[in-house]
K.L.:
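Please find one structure pasted underneath; my questions will follow.
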Amino acid sequence: MRFARVGAAGAERPVVVSADGGLLDLGAAWGDVDGALGDLAAVGSALDGGHLPSVGGDDELRFGSPIPRPGKVVGIGLNYADHAAEAGAALPTEPVVFLKATTSVCGPTDDIRMLPGSSSTDYEVELGVVLGATLRDEADPARALEAVAGYVLAHDVSDRAMQLERGGTWTKGKSADTFCPVGPWLVTPDEVGDPAALRLRLSVNGEPRQDGTTADMVFGVGELLAYVSRLMTLEPGDLVITGTPAGVAMGQVEPRPYLRHGDVVELDGGVLGRQRSRVVDPSANPTPDHAGVTG
């Protein structure tokens with residue numbers, strides 16, 4: 001199944017996506033779409049039985065992040081060999097872990113707001129993993145996978161100067177509002193199948209920049225979740241973004257093709273859906289038409 005949240009920023013309502021792409025209202029009885037979403041079997045029965053009302057005006061609805069603001073967003077760095085190589089970094093012997101502010105999460109078509117005047121804003125298409133159960137001190141990757149509620153398409157926007165130069169930590173360069181577009185939907189594991197067999201693509205203004213597969217991850221999803229669970233408790237609704245393939249602007253020769261005001265970034269995650277975001281520099285456009293950052 002695929003779950004989403006649609007509506008104006010801060011007033012999204014939970015829906016389930018039908019087989020033909022229509023949106024069906026889950027209603028207040030089901031609660032919001034987070035890792036702890038009630039009885040998925042019951043939702044499936046209601047869906048199959050035609051008991052969920054349609055949400056009108058699908059073409060005009062804004063998609064928010066498919067999960068409400070998570071308790072935490074855990075990032076994994078340098079988790080594709082080709083990306084580590086383009087960054088000039090050694091292949092990690094254990095996962096590189098950082099945090100993004102939860103306020104960075106926004107919807108898949110919301111504007112990406114650069115830090116004012118930035119000349120080093122970069123793009124990173126990623127597979128996101130949403131927890132559906134508490135995970136703590138887990139050693140077995142297979143058991144860790146059992147805690148997954150679903151998968152999402154995620155965009156780990158990064159300001160490289162803040163991340164690497166300005167007395168930086170990775171969190172410092174990755175946590176601005178709108179620096180984590182998520183969605184359009186959360187896809188349950190049964191529909192995704194093998195999370196190591198997903199193609200991830202990103203283009204800027206129609207020009208392909210990234211085209212990779214999760215099969216090339218250094219550490220698989222189960223390994224990452226087990227590892228992180230031994231550093232911190234993962235809770236339902238938490239989001240783990242699992243690294244990006246090669247092709248980021250930082251890895252290119254000068255002049256590096258960092259994002260600029262007015263650029264349009266498109267992501268394609270196959271079964272995970274597509275994103276399309278406009279890049280806005282607030283110093284170039286003081287009052288951008290931004291849909292909101294609450295997700």
K.L.:
With distance as the sole test, does E86 use its side chain to make a donor-acceptor pair with the main-chain N or O of D82 at under 3.5 Å?
P.N.:
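Answer holds: no.
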
K.L.:
Quick one: does T103's side chain have a donor or acceptor within less than 3.5 Å of a partner on D177's backbone?
P.N.:
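Not at all, since once roles are kept as given, no pair shorter than 3.5 Å links the two residues.
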
K.L.:
Regarding K174 and S158, do their side chains bring together a donor and an acceptor under 3.5 Å, going by distance alone?
P.N.:
yes

K.L.:
So do L186 and I67 actually touch side chain to side chain, heavy atoms under 4.5 Å?
P.N.:
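In short, these two side chains touch, coming nearer than 4.5 Å.
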
K.L.:
Within the structure provided, determine whether V6 and R13 are in side-chain contact (heavy-atom separation under 4.5 Å).
P.N.:
yes

K.L.:
Would you say V15 and L52 make side-chain contact, with heavy atoms under 4.5 Å?
P.N.:
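Side-chain contact under 4.5 Å: no.
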
K.L.:
Side chains of C180 and H155: closer than 4.5 Å at any heavy-atom pair?
P.N.:
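The answer is no; the side chains never approach within 4.5 Å.
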
K.L.:
Can you tell me how far the CG atom of D268 sits from the CZ atom of R276, to the nearest 0.5 Å?
P.N.:
13.5 Å

K.L.:
Assess, by modelled atom type and distance only, whether the side chains of Q275 and T109 contain a donor and an acceptor separated by less than 3.5 Å.
P.N.:
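Looking only at side-chain atoms, T109 and Q275 do not form any donor-acceptor pair under 3.5 Å.
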
K.L.:
For T213 and A197, indicate whether the former's side chain and the latter's backbone hold a donor-acceptor pair under 3.5 Å.
P.N.:
no

K.L.:
Do R260 and D281 sit within salt-bridge range, that is, some charged N less than 4.0 Å from a carboxylate O?
P.N.:
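Not counted as a salt bridge, because no side-chain N and carboxylate O are separated by less than 4.0 Å.
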
K.L.:
Any side-chain heavy atom of V105 within less than 4.5 Å of one from F179?
P.N.:
no

K.L.:
Without swapping roles, check the side chain of D156 against the backbone of I241 for a donor-acceptor pair under 3.5 Å.
P.N.:
no

K.L.:
Using 4.0 Å as the upper bound for N to carboxylate O, is an ion pair formed by R160 and E124?
P.N.:
yes

K.L.:
Is F3 close to T188 at the side-chain level, that is, under 4.5 Å between some pair of heavy atoms?
P.N.:
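Yes, side chains in contact.
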
K.L.:
Say you draw a straight line from OH of Y123 to OG of S203; how long is it, rounded to the nearest 0.5 Å?
P.N.:
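One gets 10.0 Å once the value is rounded to the nearest 0.5 Å.
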
K.L.:
S104 side chain to K100 main-chain N or O, any donor-acceptor pair under 3.5 Å?
P.N.:
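Absent.
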
K.L.:
Closest approach of P184 and P66, non-hydrogen atoms and distance?
P.N.:
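Reported closest heavy-atom pair: O-CB, 4.0 Å.
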
K.L.:
Given the rule in the side chain to side chain contact (heavy atoms under 4.5 Å, CB included) test, do F98 and I76 qualify, once you have shown the distances and angles that lead to the verdict?
P.N.:
CA-CA 6 Å; F98 62 92; I76 305 296; 5.7 Å; no

K.L.:
Check whether any side-chain heavy atom of V125 sits under 4.5 Å from a side-chain heavy atom of L153, and report yes or no.
P.N.:
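Side-chain contact under 4.5 Å: yes.
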
K.L.:
Identify the residue among L259, N205, I112 that makes a side chain to side chain contact (heavy atoms under 4.5 Å, CB included) with V264.
P.N.:
N205

K.L.:
For the residue pair T121 and V157, establish whether any side-chain heavy-atom pair is separated by less than 4.5 Å.
P.N.:
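T121 vs V157: side chains touch.
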
K.L.:
How close do G183 and P108 get, counting heavy atoms only, and between which atoms?
P.N.:
C-CB, 3.8 Å

K.L.:
Would the number of heavy atoms belonging to other residues, nucleotides or ligands and lying under 6.0 Å from CZ of R166 be above 12?
P.N.:
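Atom CZ in R166 is not crowded, with 12 or fewer foreign heavy atoms closer than 6.0 Å.
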
K.L.:
Give, for atom CG of D110 and atom OG1 of T178, the distance between the pair rounded to the nearest 0.5 Å.
P.N.:
8.5 Å

K.L.:
What's the shortest heavy-atom distance between P189 and A149, and which atoms?
P.N.:
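That closest heavy-atom pairing would be CD-O, 3.2 Å.
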
K.L.:
Using the test salt bridge (charged side-chain N to carboxylate O under 4.0 Å, His left out), find all partners of E138 that sit at least two apart in sequence or belong to another chain.
P.N.:
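Residues passing salt bridge (charged side-chain N to carboxylate O under 4.0 Å, His left out) with E138: R143.
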
K.L.:
Tell me, with the steps shown, if E12 and R62 meet salt bridge (Lys or Arg N to Asp or Glu O under 4.0 Å).
P.N.:
CA-CA 9 Å; E12 297 90 348; R62 167 188 173 269; 2.9 Å; yes

K.L.:
Using a 3.5 Å distance criterion without hydrogens, assess whether the side chain of E266 forms a donor-acceptor pair with backbone atoms of L202.
P.N.:
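Judged by distance alone, no pair lies under 3.5 Å.
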
K.L.:
Would Y258 and D122 count as a side chain to side chain contact (heavy atoms under 4.5 Å, CB included) if you check the C-alpha gap in whole Å, the side-chain angles of each, and the deciding distance to 0.1 Å?
P.N.:
CA-CA 5 Å; Y258 287 119; D122 211 344; 3.8 Å; yes

K.L.:
Measuring from atom CD of E223 to atom OG1 of T242, what distance do you get when rounded to the nearest 0.5 angstrom?
P.N.:
12.0 Å

K.L.:
I need the T134 OG1 to L234 CG distance, nearest 0.5 Å.
P.N.:
9.0 Å

K.L.:
List the atom of S175, the atom of A101, and the distance in Å for their closest heavy-atom pair.
P.N.:
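Smallest interatomic distance, heavy atoms only, reads OG-N, 2.9 Å.
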
K.L.:
Can you check whether S65's main-chain N or O pairs, donor with acceptor, with R5's side chain at less than 3.5 Å?
P.N.:
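Yes; judged by distance alone, with no hydrogens or angles, the pair exists.
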
K.L.:
Salt-bridge test for D263 and R278: reply yes if a basic N is under 4.0 Å from a carboxylate O, no otherwise.
P.N.:
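R278 and D263: not salt-bridged.
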
K.L.:
Would the distance check show the side chain of D140 and the main-chain N or O of A142 forming a donor-acceptor pair, the cut-off being under 3.5 Å?
P.N.:
yes

K.L.:
Drop me the distance from L135's CG to M232's CE, to the nearest 0.5 angstrom.
P.N.:
12.0 Å

K.L.:
Consider only side-chain N and O atoms of D159 and S120, and report whether a donor and an acceptor are under 3.5 Å apart.
P.N.:
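Present: a donor and an acceptor within the cut-off.
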
K.L.:
Answer with yes or no whether the side chains of R136 and S229 bring together a donor and an acceptor at under 3.5 Å.
P.N.:
no

K.L.:
Do you know which two heavy atoms are closest between A226 and A144, and how far apart they sit?
P.N.:
N-CB, 3.8 Å

K.L.:
If you look at every heavy atom in S283 and G117, which pair is closest and at what distance?
P.N.:
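Closest pair (atom of S283, atom of G117, distance): OG-N, 3.3 Å.
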
K.L.:
Go through the structure and list residues passing salt bridge (charged side-chain N to carboxylate O under 4.0 Å, His left out) with E207, not counting sequence neighbours.
P.N.:
R209

K.L.:
Run L272 and L198 through side chain to side chain contact (heavy atoms under 4.5 Å, CB included) and show every step you take.
P.N.:
CA-CA 9 Å; L272 301 178; L198 297 172; 4.1 Å; yes

K.L.:
Do R2 side-chain atoms and S18 backbone N/O form a donor-acceptor pair below 3.5 Å?
P.N.:
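Present.
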
K.L.:
Where do L267 and R201 land on the side chain to side chain contact (heavy atoms under 4.5 Å, CB included) test, with the steps shown first?
P.N.:
CA-CA 6 Å; L267 284 67; R201 292 180 286 175; over 6 Å; no

K.L.:
Strictly by salt bridge (Lys or Arg N to Asp or Glu O under 4.0 Å), give each pair with a member in residues 232-253 just once, sequence neighbours left out.
P.N.:
K72-D238

